[in-house]
Amino acid sequence: MSGASILNRFIFKVPPNLKTQTHTHQAASKHLVETILNHIKADSLSKAVSVLFNSPFTFPFSLYARLFKLCSSNLALLKLESHLFTFNPSPPVFLVNRAIEAYGACGFLNDAKKLFGAMRQRDGGSWNAIIKACAQLGSGEEALGLFSDMRLQGVCPNEITLASVLGSCGVVLDLFVSRQVHGLVLKYGFYENVILRSSLVDVYGKCGDMDEARRMFDEIDCPNEVTWNVIIRRYLEVGDVHEAVVMFFKMFRVNTRPLSYTLSNALLACSGLFALEEGMQIHGLAAKLSFDGDAVVSSSLIGMYAKCGKVGNARRIFDQISSRDLICWTSMVSAYAMTGGTREARELFNKMPERNVVSWNAMLAGYTRNLQWEEALDFVLLMCRTAKPMDSVTLGLVLNVCAGLSDLELGKQVHGFIYRHGIYSNIFVGNALLDMYGKCGNLKSAGVWFYQMSQSRDCISWNALLTSYARHQRSEQAISTFGEMQWQTKPSEFTFGTLLTVCANIGAIDQGKQIHGFIVRNGYLIDTVIRGALVCMYSKCHHLLYALLIFREAASRDLILWNSMILGCCHNRMGKEVLRLFKFMEEEGVQPDHVTFRGVLRACLSEGRVKLGMQYFDSMSDKYYVMPQLEHYECMIELFCKFGCKKELKQFIKGMSCEPTNPMLTKVIDACREYGWTRLGEWAAERLKELNA
DNA sequence: ATAGGGTTAG
C-alpha cells in the first residue's frame, strides 16, 4: 500500500476554486458536518469518513484534524487524506502533521515518511510527528537519525520532541545515547517536566541500569501514577521482583491511585515470588479501589492464583469479569493447563469465542508441561491441519514434544522448517532444538548445533548440553563442559544438580568437592535439589559422614532428600542407619514412596532381617498405598533365598500379583540347588521353561 | 495541534 496515498492525491482532478462555492454548498456543508459528527458519536468512523469523502467540497480544518486523530483504518485514512488534498492543495502545516500522526498510529510508517518528505514547509510539530512515528513503530535508529537531521537544520527541539527521542532510546537500548539526550533535557531546561523525568527512569531501566533509573526516580518530587508504573515495571523486568513489590506498597503509602497495569505488574511480581499472601493483599486492594471485574487486573489475578496453585480462586475471578476479552480467556485456559487440569483447559479452550497464537500455545504448553505427549502431538497436528498461525513459541513447544516422544525424525523435520523460515536465531527455539537432540540421544547433532549457536548461547544452552552428556554417560565431557561454560555464562542451581549427579555416578570425589566449594564460595543458595545431589555424591563416594552432615543441616527435608540419604546409607551397607532413618522419616510425617522402600528392603537384606522385611513389604500396600514394583519383589526373593527361608519363599513367589521374571526364577533355582529344595526347584525350572518357550 | 507507562503463552 506504500505510495497509495501519494498517488491518490494526484489522481484527483484540479480542485474547484473555493471562491466559486455557492451558498447552497455552505448550507449543505453545515448539514453534512452534523451528520459526520453524529457518526463520530456513534463510533462509526468509516461512515463519517464516507460521508466526507463523497462530498464535493471542503470542510473546516478542525473537522479533518479531529478525524485524523480518530482514524484507525487504512481505508478511512486514505479517503480522508485524499479529500483534504483534493480541495486544499496546500493545507496548513498542522493538518499535515495530524495526517502524519494518523499514519503513524495506524502503523503505516512508509506513508507517514512520504507525507513528511513531500512537505514544502515544516514546523517543529512535523518533526515531532515523524520522530514519534518512527520511535513507536520500532525504527529507533531512524528516529534518532531524524532527530539529528532536525537539529542540523536548526529546528529547536521542545519537550515533546525529547519525549519521543527518549522513546527511541528505549528502542535502541543505547546507554551512551540515552545519557546524551539526558544532557539535552538539562541543557534546554526541561528538567522539571514529570513526563520527561519519567521517560528518563524508563530509558535507564530499559537499558538495564536500575541504579541510575532509581536515582532519577528518587529525584522526582511528585512522581505520578505513570512514574510509579514505570519503576515497578522495570524492576520486574530486570528480575528484581522483590523491589517491584516493595515499590508497589510504597506507592500506596504516598496515596497514589494505581493504574490497572500497575496492579498487574505487582501481581506479576507476586507470581514470580509465589507470594500468595501479598497477591491476595493486592487482590483486596484492587477490590477496594473498585477494580473488580476489570479485564486487565483480572487476567493478572488469574495468573497469580494459578501460579500459586489456587485454580479455584482463579476461576472465581474469571466468572466475575464484566466483559471477557481474549486475554482473560487465554489466562484462564493457561491457569488450568499449568496446574495439571488439561481436560478443563481444553473444554474452556473449545468454548473460546476467538483464539490467537498465544491461546493455542497456552493449551499446547499445558500438554507438554504435564508430559501428555500424545495429546500434544494430536494438538500440533490439529494446528497444522487447520493452518493455524505458529510462532517461535509454538516451534519451541513442538520441539519439546519431539524430545518427549524421542522422535528424532519429527525433530529433524522441525529443524528443517526452522531453518527454512530463518527462526533459528531465537534463543528459545535454539535451546529447544539443542534439548531435542540431546534427549533423542543424537549428541553429535547437539554438539554441532551448540557450536552453531555460539553467538547466542545462554545459561540454559550450556545446561542443556551438559545434561545431554550427563544423561548419556559422557561424564568427563559433562565436567569439562562446566569448565568451558564459565567463560561465557554464570552457572545456575540446575547446573550443580546435574554435575553433582555426574560426580556421584563415576565416584569423582575430587571434582565433587570442588563443585561443592564453588557453590559455597559463590554464595549460591543450597536448595533441596542441590542438597540431595550433595548427599548423593558424598555417599556414593563413600564419604558418608559428609553426607550425613549436609543432610542434618537442612532446614526442611522433603521426600527426595530423605531418599537420597537412605539410598546413600544403603550404598555404604549401613543397613541399621537406613532403618533408623526410616523411623525418623515416619516421625516427621513424610510419606515414603517406592524409592524409599527400595532402600528399606535392601537394608533388611544386608542386615538379615527377614521378618522385618516381610512386615515392611506388606506395609507398602496396606499402610502407605505404595504399589510394589519388580525391584521390590526381586529384593524380597533375594532376601528369602539368601537366608534359606523356603516356606516364606514358596508362599511369596506363588502369591505374587505379577508373573515372576527370568532373573527371579534363575535366582530361585540357584537357591534351591544350594539348599537342596528339589520340589520348589523343579517348579521354578518348569516356569522358566514356560516363560522362555 | 503535538509527549511518557502497560495485561496473556515458553
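Below, chain A is the first sequence line, B the second, and so on; all start at residue 1.
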By ring-ring contact (aromatic ring centres under 6.0 Å, His included) - contacts of A:F68 (at least two apart) = none
message = How close do A:T339 and A:A306 get, counting heavy atoms only, and between which atoms?
response = CG2-O, 3.5 Å
Atom pairs under 3.5 Å: protein N/O with N/O of nucleotides 7-10 of chain B:
| from | atom 1 | to | atom 2 | distance (Å) |
| --- | --- | --- | --- | --- |
| B:dT7 | OP1 | A:R233 | NH1 | 3.1 |
| B:dT7 | OP1 | A:R233 | NH2 | 2.9 |
| B:dA9 | N3 | A:N361 | ND2 | 3.4 |

Contacts table for residues 197-211 of chain A: side-chain donor-acceptor under 3.5 angstrom, sequence neighbours left out:
| from | atom 1 | to | atom 2 | distance (Å) |
| --- | --- | --- | --- | --- |
| A:R197 | NE | A:Y191 | O | 2.6 |
| A:R197 | NH1 | A:E219 | O | 2.7 |
| A:S198 | OG | A:V194 | O | 2.7 |
| A:S198 | OG | A:T227 | OG1 | 2.9 |
| A:S199 | OG | A:I195 | O | 2.8 |
| A:D202 | OD1 | A:R234 | NE | 2.8 |
| A:D202 | OD1 | A:R234 | NH2 | 2.6 |
| A:D202 | OD2 | A:K206 | NZ | 3.3 |
| A:Y204 | OH | A:H182 | ND1 | 2.7 |
| A:D209 | OD1 | A:E212 | N | 3.1 |

request  = Go through the structure and list residues passing ring-ring contact (aromatic ring centres under 6.0 Å, His included) with A:W329, not counting sequence neighbours.
outcome  = A:F318
Tabulate atom names and distances for all N/O pairs under 3.5 angstrom spanning the protein and nucleotides 1-4 of chain B.
| from | atom 1 | to | atom 2 | distance (Å) |
| --- | --- | --- | --- | --- |
| B:dT2 | OP1 | A:K69 | NZ | 2.3 |
| B:dT2 | O2 | A:N128 | ND2 | 3.0 |
| B:dA3 | N1 | A:N193 | ND2 | 3.1 |
| B:dG4 | OP1 | A:Q136 | NE2 | 3.1 |
| B:dG4 | N1 | A:N224 | ND2 | 3.2 |
| B:dG4 | N2 | A:S198 | OG | 2.8 |
| B:dG4 | N2 | A:N224 | OD1 | 3.3 |
| B:dG4 | N2 | A:N224 | ND2 | 3.2 |

task = Not counting sequence neighbours, which residues clear side chain to side chain contact (heavy atoms under 4.5 Å, CB included) with A:V357? List them please.
result = A:N361, A:D391, A:T394
Side chain to side chain contact (heavy atoms under 4.5 Å, CB included) against A:V241, all qualifying residues, sequence neighbours excluded = A:A269, A:L273
Any residue meeting ring-ring contact (aromatic ring centres under 6.0 Å, His included) with A:W373, in chain and number order, not counting sequence neighbours = none
remark   = Residues passing the salt bridge (charged side-chain N to carboxylate O under 4.0 Å, His left out) test with A:R315, sequence neighbours excluded, are A:D319
message = Under 4.0 Å, counting only non-hydrogen atoms across every strand here, what does A:R234 touch: a base, just sugar-phosphate, or nothing?
response = sugar-phosphate
